[in-house]
Amino acid sequence: MTESVLDYMTRIGQAARLAARVIARASTGQKNQALLAIATALDTARDALGQANQLDMAAGQANGLDAALLDRLALTPARIDGMIEGLRQVASLSDPVGAIRDMSFRPSGIQVGKMRVPLGVIGIIYESRPNVTIDAASLCLKSGNATILRGGSEAIHSNRAIAACIQQGLAEAGLPPAVVQVVETTDRAAVGALISMPEFVDVIVPRGGKGLIERISRDARVPVIKHLDGICHVYVAEHADLTKAQDIAFNAKTYRYGICGAMETLLVDQSVAAAFLPAMAERLRAKGVELRGCERTCAIIEATVATEEDWSTEYLAAILSIKVLDDLDAAIEHINH
């Protein structure tokens with residue numbers, strides 16, 4: 001880039017602020033037209049998306065990305081289908097802008113209520129998963145917000161290809177290109193600039209690992225909507241249908257290891273542990289899942305003894321911790337802790 005990162009990000013921020021005024025006034029029909037046009041553009045550009053993603057996957061493998069990150073990075077035909085379907089679903093939603101609720105009369109006779117309005121410019125910072133580019137763009141567009149998207153450097157080619165489809169859809173709907181901007185530079189200074197521009201950006205939404213969230217929360221001068229650790233639990237209760245519970249637990253762990261919604265800890269009521277765990281463990285081992293368990297678990301199945309750290313670890317990998325508990329209250333206490 002011939003201009004400095006700060007100058008580049010300032011230019012993006014200025015354009016987003018102007019575009020926010022346009023998209024805030026856009027009709028429902030115009031926003032839906034853009035969403036559906038982006039979906040069509042993605043469908044037409046499947047080959048280009050695949051080629052761009054292959055560049056990212058090859059670079060990721062060369063740079064030693066682990067299996068979970070490579071899985072997040074992959075843009076398979078099924079995931080492209082999911083992006084297209086997601087755009088169509090967002091287009092089918094009711095328009096939130098202008099919706100009024102909680103109307104009431106004050107003693108003075110004035111009627112007061114709450115109206116939903118766009119936030120303005122939303123900065124979204126995320127890692128690895130290129131399909132997040134579409135998730136974020138579609139939700140911001142439908143809610144009348146301009147957005148600046150800063151994906152991970154490992155997905156830069158995929159995000160650029162997706163951004164081209166977004167720009168095509170915006171143009172077909174007569175909306176300015178700055179309604180959705182994907183940051184082109186991989187320089188980490190772009191993140192620092194984005195989170196330090198309250199004159200252009202109204203809120204930051206970070207999506208990623210603990211390190212990213214902590215950095216954004218610590219350094220941002222813009223309000224942040226955040227999450228932090230995500231350790232998903234499945235609890236098999238005393239009166240559970242054990243066949244159904246096994247299917248649910250197996251899917252929760254093995255559907256995709258590298259997502260924040262994957263199960264990391266399986267909690268089992270002591271009254272059904274002996275009946276449930278052996279078949280569950282056999283099924284998970286056949287899939288290649290490493291099992292770690294409490295002492296009560298290890299007395300029933302073969303597993304590595306879990307450490308205290310295991311109960312607070314988001315593995316994002318083919319590893320599962322298992323704990324046998326006395327009852328529901330004990331399970332709730334464990335999850336809360």
**Report entry** Considering all heavy atoms, the nearest Pro278-Ala273 contact
**Finding:** CD-O, 3.9 Å

Query raised in the report: Are Arg116 and Asp95 ion-paired here, with the side-chain N under 4.0 Å from a carboxylate O?
Result: no

Query raised in the report: Nearest 0.5 Å, what's the CD1-CD distance between Ile319 and Glu290?
Result: 5.0 Å

Query raised in the report: Can you check whether Arg101's main-chain N or O pairs, donor with acceptor, with Lys114's side chain at less than 3.5 Å?
Result: no

Query raised in the report: How close do Ala15 and Ala178 get, heavy atom to heavy atom, and via which atoms?
Result: O-CB, 3.5 Å

Query raised in the report: Any donor-acceptor pair under 3.5 Å linking the side chain of Lys287 with the backbone of Thr254?
Result: no

Report task. Verify the distance criterion only: is there a donor paired with an acceptor across the side chains of Thr147 and Asn145 at less than 3.5 Å? Result -> no

Report task. Tell me whether Ile110 is reachable from Met103 by hopping between hydrophobic residues (I, L, V, M, F, W, Y) whose side-chain heavy atoms are closer than 4.5 Å. Result -> no

Query raised in the report: Just checking, is any N or O donor in the side chain of Gln270 or Arg296 under 3.5 Å from an acceptor N or O on the other one?
Result: no

Requested in this report: Report the distance from atom CZ of Arg11 to atom CE of Met9, rounding to the nearest 0.5 Å.
Outcome: 10.5 Å

Query raised in the report: Considering all heavy atoms of both residues, which atom of Leu212 and which atom of Arg207 are nearest to each other, and what is their separation?
Result: CD2-O, 3.7 Å

Query raised in the report: With no hydrogens and no angle check, is any side-chain donor or acceptor of Tyr235 less than 3.5 Å from a backbone partner on Leu328?
Result: yes

Requested in this report: For the pair Glu264 and Lys253, evaluate salt bridge (charged side-chain N to carboxylate O under 4.0 Å, His left out) and give the outcome as yes or no after the intermediate values.
Outcome: CA-CA 7 Å; Glu264 307 292 14; Lys253 183 62 205 176; 2.9 Å; yes

Query raised in the report: Has the side chain of Asp241 got a donor or acceptor atom that lies under 3.5 Å from a matching backbone atom of Lys244?
Result: yes

Query - Residue list, ring pair (Phe, Tyr, Trp, His ring centres under 6.0 Å) with His157, at least two apart or on another chain - result: none

Requested in this report: Look at the side chain of Tyr8 and the backbone N and O of Glu184, then say whether any donor-acceptor pair between them is shorter than 3.5 Å.
Outcome: yes

Report task. Identify the heavy atoms of Cys298 and Gly293 that sit nearest to each other, and give their distance. Result -> SG-O, 3.6 Å

Query raised in the report: Would a distance-only check, ignoring hydrogens and angles, find a side-chain to backbone donor-acceptor pair under 3.5 Å from Gln111 to Ser104?
Result: no

Query raised in the report: Would you call Ile12 and Gln14 a side-chain contact if the rule is heavy atoms closer than 4.5 Å?
Result: no

For residues 58-66, tabulate all N or O donor-acceptor pairs below 3.5 Å that involve a side-chain atom, not counting sequence neighbours.
unit_1 : atom_1 : unit_2 : atom_2 : d
Asn63  : ND2    : Ala59  : O      : 3.1
Asp66  : OD1    : Ala68  : N      : 3.2
Asp66  : OD1    : Leu69  : N      : 2.9

Requested in this report: State the NE2-CG distance between His334 and Asp329, to the nearest 0.5 angstrom.
Outcome: 14.5 Å

**Report entry** Criterion side chain to side chain contact (heavy atoms under 4.5 Å, CB included) on Ile148 and Phe200, from CA distance to verdict
**Finding:** CA-CA 10 Å; Ile148 300 172; Phe200 302 130; 6.0 Å; no

Contacts table for residues 80-87: side-chain donor-acceptor under 3.5 angstrom, sequence neighbours left out:
unit_1 : atom_1 : unit_2 : atom_2 : d
Asp81  : OD1    : Arg46  : NH1    : 3.2
Asp81  : OD1    : Arg46  : NH2    : 2.5
Glu85  : OE2    : Gln89  : NE2    : 3.2

Query raised in the report: Do you know which two heavy atoms are closest between Leu49 and Ala161, and how far apart they sit?
Result: CD2-CB, 3.7 Å

Report task. Would you give the length of the straight line joining atom OG of Ser153 to atom CZ of Arg188, rounded to the nearest 0.5 angstrom? Result -> 8.0 Å

Query raised in the report: Between Arg221 (side chain) and Ser196 (backbone), is there a donor-acceptor pair under 3.5 Å?
Result: yes

Requested in this report: State yes or no: do Leu149 and Leu175 share one hydrophobic cluster built from I, L, V, M, F, W and Y residues joined by side-chain heavy-atom distances below 4.5 Å, directly or via other members?
Outcome: yes

Requested in this report: Indicate if Ile213 and Tyr315 have the same hydrophobic cluster label, given that clusters are the connected sets of ILVMFWY residues with side-chain heavy-atom separations under 4.5 angstrom.
Outcome: no

Query - Minimal non-hydrogen separation, Ser143 against Pro96, with atom names - result: CA-CG, 4.0 Å

**Report entry** Close side-chain approach of Asn53 and Met57, heavy atoms under 4.5 Å
**Finding:** yes

Report task. Could you check if a side-chain atom of Val22 sits within less than 4.5 angstrom of a side-chain atom of Val179, using non-hydrogen atoms only? Result -> no

Query raised in the report: Do the side chain of Gln167 and the main chain of Val180 share a donor and acceptor less than 3.5 angstrom apart?
Result: yes

Query raised in the report: Within a radius of less than 6.0 Å around CD of Glu282, do more than 12 heavy atoms belonging to other residues, nucleotides or ligands occur?
Result: no

Query raised in the report: Are Leu6 and Leu194 in one and the same hydrophobic cluster, where Ile, Leu, Val, Met, Phe, Trp and Tyr link if side-chain heavy atoms are under 4.5 Å apart?
Result: no

Query raised in the report: Just by distance, do the side chain of Lys142 and the backbone of Val90 share a donor-acceptor pair under 3.5 Å?
Result: yes

Report task. State whether the side chain of His239 and the backbone N or O of Ala237 hold a donor-acceptor pair below 3.5 Å, judged by distance alone. Result -> no

Requested in this report: For Thr10 and Asp7, test the side chains for any donor-to-acceptor distance below 3.5 angstrom and give the result as yes or no.
Outcome: no

**Report entry** Distance in Å, Ile38 CD1 paired with Cys165 SG, rounded so as to fall on 0.5 Å steps
**Finding:** 9.0 Å

Query raised in the report: Given side chains that start at C-beta, do those of Leu35 and Asn32 come closer than 4.5 Å, heavy atoms only?
Result: yes

Query raised in the report: When you check the gap from the basic side-chain N to the acidic O, do Arg79 and Asp71 get nearer than 4.0 Å?
Result: yes

Query raised in the report: Transitive ILVMFWY cluster of Val272 at side-chain heavy atoms under 4.5 Å: who else is in it?
Result: Val234, Val236, Leu242, Phe250, Tyr257, Met263, Leu266, Val268, Phe276, Leu277, Met280, Leu284, Val289, Leu291, Ile300, Ile301, Leu320, Ile322, Val324

Query raised in the report: Taking everything shown except Arg256 itself, do over 12 heavy atoms lie less than 6.0 Å from its CZ?
Result: yes

Query raised in the report: Other hydrophobic cluster members with Phe105, side-chain heavy atoms of Ile/Leu/Val/Met/Phe/Trp/Tyr under 4.5 Å, chained?
Result: none

Query - Shared hydrophobic cluster for Ile166 and Leu75 (ILVMFWY, side-chain gaps under 4.5 Å) - result: yes

Report task. Might you work through the side chain to side chain contact (heavy atoms under 4.5 Å, CB included) test for Val203 and Ile225, ending with a clear yes or no? Result -> CA-CA 7 Å; Val203 65; Ile225 299 174; 3.7 Å; yes

Query raised in the report: Is it true that the side chains of Thr313 and Asp310 contain a donor and an acceptor less than 3.5 Å apart?
Result: no

Show which side-chain atoms of residues 119-134 pair as donor or acceptor with protein atoms under 3.5 Å away, not counting sequence neighbours.
unit_1 : atom_1 : unit_2 : atom_2 : d
Tyr126 : OH     : Thr133 : OG1    : 2.6
Glu127 : OE1    : Gly209 : N      : 3.0
Ser128 : OG     : Glu154 : OE2    : 3.1
Thr133 : OG1    : Pro130 : O      : 3.1
Thr133 : OG1    : Asn159 : OD1    : 2.7

Query raised in the report: Can you tell me how far the CG atom of Leu55 sits from the CD atom of Gln51, to the nearest 0.5 Å?
Result: 8.5 Å

Query raised in the report: Do Ile231 and His233 come close enough that some side-chain heavy atom pair is under 4.5 Å?
Result: yes

**Report entry** Working for side chain to side chain contact (heavy atoms under 4.5 Å, CB included), residues Lys31 and Val97
**Finding:** CA-CA 11 Å; Lys31 292 185 289 188; Val97 178; 3.7 Å; yes

Requested in this report: Would you please test Arg215 and Val191 for side chain to side chain contact (heavy atoms under 4.5 Å, CB included) and show each step?
Outcome: CA-CA 10 Å; Arg215 181 206 167 181; Val191 174; 3.7 Å; yes

